[in-house]
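Just so it is clear, the model here is predicted, and its values are computed rather than measured. Quick note on labels: first sequence line is chain A, next is B, and so on, each numbered from 1.
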Amino acid sequence: MSKFRVMGLFRDFEEAFDAIADIRQYKVPGVSVDNVTLLSPIEHPEIEEVLGERPAHVPKFTLAGALFGITFGFLFLASAQATFLVQPQGGKPVVPLPTNIVLTYEMLILFGVLFTVISFLIGARLLRKRDGMYSEMVSLDQVGVIVEVEEKSVQPLKDLFEKHKAVEVREEVSR
Amino acid sequence: MSLKNILENWSQYRRGHEQGGHHEYEHMWGMAIDLNKCIGCNACSVACYAENNLAIVGKHRYSKSQAMHWMRIERYWDEPELEKAGLVTKGKTIETGASFLPMLCQQCNAATCEPVCPVAATYHTPDGLNAQVYNRCIGSRYCSNNCPYRLRYFNFWSYYEDSWPEPLHMQLNPDLSVRDKGVMEKCTFCVQRIRVAKDEAKMADRKVIDGEFQTSCQQSCPTDAIVFGDMLDPQSRVTKLWKTHQVELGKSKQSKQNPDKRGYRVLEGLNTDPCIMYLERVREV
Amino acid sequence: MQTKDINEEIKWAQINKDVLRSMENPRKAYWVAVGMCLAMLACAVVAEIYQYRTGMGVADLNWPNMWGLYIATFIFWIGMSHSGTLLSAILHIIHADWRKPIYRFAEAMTTFSLMTAGLFPVIHLGRMWNMYWVLPYVSDRGIWPNFRSPLVWDAFAIFTYLTSSALFLFIGMIPDLAICRDNARGWRKKLYTVLSLGWAGTDRQWRHFRKTYLLMACFLIPLAVSVHSIVSSDFAMSIMPGWHVTTFPPYFVAGALYSGCAAIITLFIILRYFFRFEEYMTIPIMEKTCKLTFAIAMVWTYLNLIEFASTWYGHDLVAKEVLVDKFVGHWAPYFWAMLFFGSVLPFTLAFEKLRRHLPTMFVVSLFLNVGMWLERWMIVGPTLSMAYQPFAWNFEYPSMVQWAIVFGSFGWFGLLFLVFVKIFPSVSMYEVKEMVYHRRRAHVEDQAVAFHRRAGDGQPVTDTP
């Protein structure tokens with residue numbers, strides 16, 4: 001059974017949100033707010049109120065990266081120093097803590113940042129081919145609402161979008 | 001595995017200079033220079049040029065202060081202490097002559113030049129020497145900046161190109177290298193001579209005998225102001241001199257029973273623990 | 001008199017149009033500037049080739065003045081890189097939205113001045129072809145760099161900072177690159193398609209974007225502080241009088257922010273003129289930047305005075321002698337110039353009339369940076385020329401080679417910067433849209449109430465007022 005995607009483009013957030021509010025109240029049978037994707041030129045500050053809480057796991061990766069940076073950083077430095085006994089001591093121990101703290105700190109930040117960025121690329125589904133449902137108007141000033149639905153809900157959804165003064169409504173068979 | 005290495009030897013790797021360091025010393029080469037005997041003749045400096053292939057930089061570069069004298073005789077004309085005591089008047093010291101201070105690398109045991117080198121080109125040998133590895137040096141010159149005695153010299157140019165015009169290049173000492181531009185260098189306590197002496201001693205299955213060899217500055221000193229030797233050998237001349245003058249290694253302030261003893265180390269308060277003791281000059285007024 | 005940071009009635013489509021236009025037809029002055037930068041860079045390249053082949057002697061460095069303008073300029077450029085982060089990350093975290101039109105070029109400044117700074121430690125090496133020995137790579141001889149050396153810390157810090165700030169700049173630019181992608185043609189289209197990573201502006205992307213951007217901002221602030229304190233350790237960790245100073249890390253950070261803010265003012269005025277950004281880089285935003293610069297200038301002045309006072313009050317006679325030499329000796333002219341440009345001149349920023357006058361601010365900001373450059377030289381120079389061993393007191397007179405390389409580094413920075421602002425949007429389009437959107441909403445009372453409530457509790461407000 002093939003699924004369809006319907007996109008409505010709206011002039012501003014308010015109109016798009018009115019449409020989503022109707023979907024929330026199940027005005028279109030078989031379509032829930034969880035199937036809605038919002039495309040927008042900026043992030044609306046109260047987006048959770050409209051779409052509900054949706055997860056973003058970036059901070060967990062950041063924490064993991066920072067912890068990895070600390071552990072790896074210190075062990076790397078200390079083991080390098082412990083195998084390199086001719087290193088200049090200047091009267092200091094082979095594994096000097098104050099200097100290693102400085103470098104471990106840098107490693108913490110480096111790996112924290114790298115893990116954050118990688119988790120962002122994965123979590124935000126970047127670095128892959130964009131699917132067809134996109135309008136260049138979104139990067140300009142319009143707000144798009146994409147809903148994934150069964151075939152029978154396509155027409156009611158289109159009507160709903162038209163009712164809320166959508167500038168343009170498109171549909172396509174989703175892969 | 002190096003992780004195992006850290007865990008097993010952790011306490012040893014955490015021992016600094018104050019706790020005796022992480023290894024035992026085989027030798028501890030040291031020196032004593034008697035300023036009473038120094039007549040400022042510069043023979044030591046010349047001998048050092050000859051022994052260590054020091055570049056002769058020429059008048060122009062010398063005036064730009066790009067010379068390479070590992071061993072230098074510092075001259076001081078002012079005598080602030082005598083002036084304070086009213087024994088000499090300022091500017092009149094020229095009649096009493098200058099004070100001389102032969103300065104060569106102090107081979108500090110807690111050398112400040114060492115930890116700042118980014119590539120570990122200068123390090124402490126088990127002989128107690130502060131070694132400079134020319135091949136490893138990348139010329140960041142941080143060591144010179146962090147040497148309170150300013151005893152490190154940098155090859156600003158490829159001096160060898162014109163320092164020894166033919167046939168003078170025949171006089172170069174084959175026991176050590178000629179340095180190219182971009183590396184730092186400094187006094188090594190004539191490490192090539194130390195090497196030979198140690199090898200010979202090893203071959204004959206004995207210890208290095210005190211006085212078996214001399215550094216070139218010591219050898220050329222007409223008044224025998226410089227004494228060099230192994231400070232781990234209790235019978236060596238240098239050890240005895242240090243003991244007589246109540247100067248000890250590993251201290252930033254000496255506790256002398258007899259304040260009349262003349263021994264001191266330059267800038268000892270910086271806790272660099274230098275291996276050269278100077279004997280103060282006693283002046284007639 | 002314009003009092004609003006930005007025209008709140010401006011249409012989103014107009015923002016796209018204005019910024020995209022800037023990437024295509026700048027004023028003629030832009031091309032003149034590019035030409036000048038190329039010429040300056042050429043000077044440095046010629047000088048550097050000469051120095052590389054002949055040896056460091058051509059720089060007229062000497063014993064014991066082993067570091068000269070190179071290291072001073074290195075600190076200068078590292079310092080300049082700090083304000084991009086300050087403006088962007090700190091102001092982002094405290095929700096100061098006036099940063100939005102100007103943070104993009106400030107961050108670019110951070111990245112490019114770091115790329116300029118990174119050249120100097122290489123240039124000043126006696127054997128620069130062995131530079132890579134400073135990196136911790138596994139070698140079959142078991143040789144590592146010396147992790148005790150502040151120079152190795154520099155290498156780590158610069159690498160981390162360059163990576164993080166370039167990523168911060170890039171991540172923050174992705175939505176704008178998508179805008180460019182949707183509007184460009186030809187090679188630009190291909191470039192932006194690759195760089196925008198497939199950004200479509202979905203709610204999932206925005207959600208992750210917001211968290212990522214905030215987290216990176218949180219990392220960048222301590223990182224920026226640590227980077228310049230590490231640079232200060234090159235001096236503070238040493239044993240030399242005048243360098244071995246406890247207040248150096250905060251002093252360096254303050255100096256860094258100071259010169260960076262002054263540079264932002266300079267570049268602000270230049271960009272505003274080149275790309276006709278009068279609508280976005282407005283006088284009120286300029287004023288806010290000036291006020292910030294003034295505040296930091298006073299912090300810097302205070303830390304300077306503290307350093308003098310503690311040296312003067314302490315019993316380290318050698319350090320005292322170096323200080324006195326700065327005030328009345330060989331270095332006095334430069335030193336007093338530094339104090340004038342760094343501590344007296346910023347008082348022009350305290351007057352509203354002057355603050356709003358762009359030509360005045362342009363000149364003042366340039367001189368503030370001259371002062372900050374002198375500060376760095378006053379850190380490096382005097383201690384080298386006068387330290388413990390009186391016999392080794394000696395001065396250095398930098399040769400034309402040094403001056404040419406220092407001069408050319410400005411060309412290199414300028415060139416990178418000018419190319420960047422031509423290829424990438426130098427005003428953040430999506431964030432200016434946000435700024436306009438939020439400010440417009442703030443005028444509608446019930447929306448403003450809901451907005452403020454949300455900012456406080458963090459949970460979605462379910463009832464609509």
Side-chain angles (χ1 to χ4, degrees), chain B residues 2 57 61-69 72-76 78 101 103 112-123 133-159 161 180-184 266-267 269-272, chain C residues 52-67 71 121-122 124-135 142-155 234-235 237-241 243-244 318 380 383-384 387-397 399:
Chain B
S2 47
V57 300
R61 287 168 185 170
Y62 196 97
S63 68
K64 276 207 281 184
S65 189
Q66 294 173 339
M68 309 297 291
H69 35 60
R72 63 174 193 244
I73 304 285
E74 298 188 351
R75 291 180 304 179
Y76 293 104
D78 294 334
L101 183 67
M103 282 301 276
T112 47
C113 55
E114 282 177 10
V116 297
C117 176
V119 292
T122 176
Y123 77 106
V133 187
Y134 306 129
N135 283 338
R136 180 69 177 168
C137 179
I138 59 172
S140 77
R141 310 194 285 290
Y142 199 172
C143 51
S144 165
N145 290 346
N146 207 26
C147 173
Y149 312 98
R150 299 289 193 227
L151 285 159
R152 289 174 156 265
Y153 303 92
F154 185 67
N155 283 278
F156 285 105
W157 311 83
S158 288
Y159 289 114
E161 283 169 356
D180 198 353
K181 71 179 180 209
V183 301
M184 192 60 82
V266 179
L267 298 177
L270 296 178
N271 202 12
T272 51
Chain C
Y52 179 91
R53 295 171 64 95
T54 321
M56 292 308 291
V58 296
D60 276 5
L61 295 167
N62 62 15
W63 171 85
N65 296 287
M66 299 277 176
W67 288 353
I71 295 296
V122 184
H124 104 117
L125 283 188
R127 304 204 297 166
M128 66 153 81
W129 47 94
N130 291 330
M131 177 67 195
Y132 64 95
W133 288 353
V134 176
L135 305 176
I143 297 177
W144 293 93
N146 177 18
F147 296 113
R148 284 178 179 76
S149 169
L151 291 183
V152 172
W153 307 352
D154 276 355
D234 285 355
F235 305 96
M237 287 279 168
S238 80
I239 200 172
M240 308 313 290
W243 281 4
H244 187 76
V318 190
V380 176
T383 293
L384 287 176
Y388 288 110
Q389 203 69 7
F391 188 78
W393 288 359
N394 194 2
F395 296 112
E396 170 213 358
Y397 300 92
S399 72

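- Judged purely by atom type and a 3.5 angstrom limit, B:K64 has no side-chain atom pairing as donor or acceptor with the backbone of C:E396.
- B:S65 touches chain C through backbone and side chain together, each having a heavy atom under 4.5 Å away.
- The line from OH of B:Y134 to CZ of C:R127 is 12.0 Å long, rounded to the nearest 0.5 Å.
- If you measure heavy-atom distances from C:D234 to chain B, the contacts under 4.5 Å come from both the backbone and the side chain.
- Interface residue B:R72: only side-chain heavy atoms are found under 4.5 Å from chain C.
- For C:I71, no part lies under 4.5 angstrom from a heavy atom of chain B.
- B:Q66 places no side-chain N or O within 3.5 Å of a backbone atom of C:D60 that could act as its donor or acceptor partner.
- The CE atom of C:M66 sits 4.5 Å away from atom CZ of B:F156, with the distance rounded to the nearest 0.5 Å.
- Separation of atoms NZ (B:K181) and OG1 (C:T54) is listed at 6.5 Å; rounding is to 0.5 Å.
- Contact of the C:V58 side chain with the B:W157 side chain is registered, since non-hydrogen atoms from C-beta on lie closer than 4.5 Å.
- Taking C:D154, C:N146, C:I143 one by one and counting their heavy-atom pairs under 4.5 Å with chain B, the maximum is reached by C:N146.
- Pairing each heavy atom of C:W63 with each of B:Y153, the nearest pair is NE1-CE2, 3.6 Å.
- For C:P241, no part lies near chain B; criterion is any non-hydrogen pair under 4.5 Å.
- Contacts of B:E161 with chain C are absent, with no heavy-atom separation under 4.5 Å from either backbone or side chain.
- Only the side chain of C:N394 comes within contact range of chain B, with at least one heavy atom under 4.5 Å from a heavy atom of that chain.
- Between B:L267 and C:Q389 the shortest heavy-atom distance is CD1-OE1, 4.2 Å.
- Heavy-atom distances place the backbone of C:F235, and not its side chain, under 4.5 Å from chain B.
- For B:I138 against C:W133, the heavy-atom pair with the smallest separation is CG2-CE3, 3.4 Å.
- Rounding to the nearest 0.5 Å places CH2 of C:W243 at 4.0 Å from CG of B:N145.
- With rounding to the nearest 0.5 Å, the separation of SG in B:C147 from CE in C:M240 is 7.5 Å.
- For the atom pair B:T112 OG1 and C:I239 CD1, the distance stands at 5.0 Å (nearest 0.5 Å).
- If you tally non-hydrogen atom pairs under 4.5 Å between each of B:S158, B:C137, B:S144, B:A120 and chain C, the highest count goes to B:C137.
- Looking at C:W144, the atoms closer than 4.5 Å to chain B (heavy atoms on both sides) all sit in the backbone: N, CA, C or O.
- Contacts of B:Y123 classified as ring-ring contact (aromatic ring centres under 6.0 Å, His included), with partners at least two apart in sequence or in another chain: none.
- Contact detail for C:S238 and B:N146: the closest heavy-atom pair is CB-OD1, 3.0 Å.
- Per-residue counts of heavy-atom pairs under 4.5 Å with chain C were compared for B:A67, B:A121, B:C117; the largest is that of B:C117.
- Within a 6.0 Å sphere centred on CZ of C:F391, heavy atoms belonging to other residues, nucleotides or ligands number more than 12.
- Ranked by heavy-atom pairs under 4.5 Å with chain B, the list C:P145, C:G55, C:A59, C:S149 is led by C:S149.
- For B:R141 (side chain) and C:H124 (main-chain N/O), a donor-acceptor pair under 3.5 Å exists by modelled atom type.
- If you measure heavy-atom distances from C:Y52 to chain B, the contacts under 4.5 Å come from the backbone alone.
- For C:Y388 (side chain) and B:R150 (main-chain N/O), no donor-acceptor pair under 3.5 Å exists by modelled atom type.
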